[in-house]
Amino acid sequence: MARLVLMDERAGRAIAMEHDLQVTGTAAVIGLAHRRGLLPPARDVFAAPHACDFRISATAIRAVLRRVGE
């Protein structure tokens with residue numbers, strides 16, 4: 001049974017965690033993919049979602065950029 005949920009929506013994340021599911025979001029996936037060499041600089045990747053009106057919190061972006069050394 002899967003124990004990880006990829007979800008960015010706040011209410012859905014809370015419900016998933018109530019059911020003891022580990023939750024991660026788009027920002028964390030971008031950071032992980034960058035660390036594995038699958039993506040260019042994470043800072044550049046974060047610009048794309050904003051161009052299509054997909055929002056990632058500035059706090060989440062800063063945390064990922066810190067983790068990947070950008």
Review point. Can you tell me if D8 uses its side chain to pair, donor with acceptor, with the backbone of T26 under 3.5 Å?
Key: yes

**Study point:** Point-to-point distance, once rounded to the nearest 0.5 Å, from CG of L65 to CD1 of I30
**Key:** 9.5 Å

Practice item. Write down the atom of V64, the atom of G31, and the distance for their closest heavy-atom approach. Key: CG1-CA, 3.5 Å

Exercise for review: Ignoring hydrogens and angles, tell me if any N or O in the side chain of H34 forms a donor-acceptor pair with the backbone of V68 under 3.5 Å.
Suggested key: no

Check your understanding: Is there a donor-acceptor pair under 3.5 Å between the side chain of R13 and the backbone N or O of M7?
Key -> yes

**Study point:** Within 6.0 Å of CZ in R55, more than 12 heavy atoms from elsewhere
**Key:** yes

Check your understanding: When hydrophobic residues are tied together by side-chain contacts of less than 4.5 Å, even through go-betweens, does I61 share a cluster with L32?
Key -> no

**Study point:** L4 vs T24 side-chain heavy atoms within contact, under 4.5 Å
**Key:** yes

Review point. Hey, does the side chain of E70 reach the backbone of R43 with a donor-acceptor pair shorter than 3.5 angstrom?
Key: yes

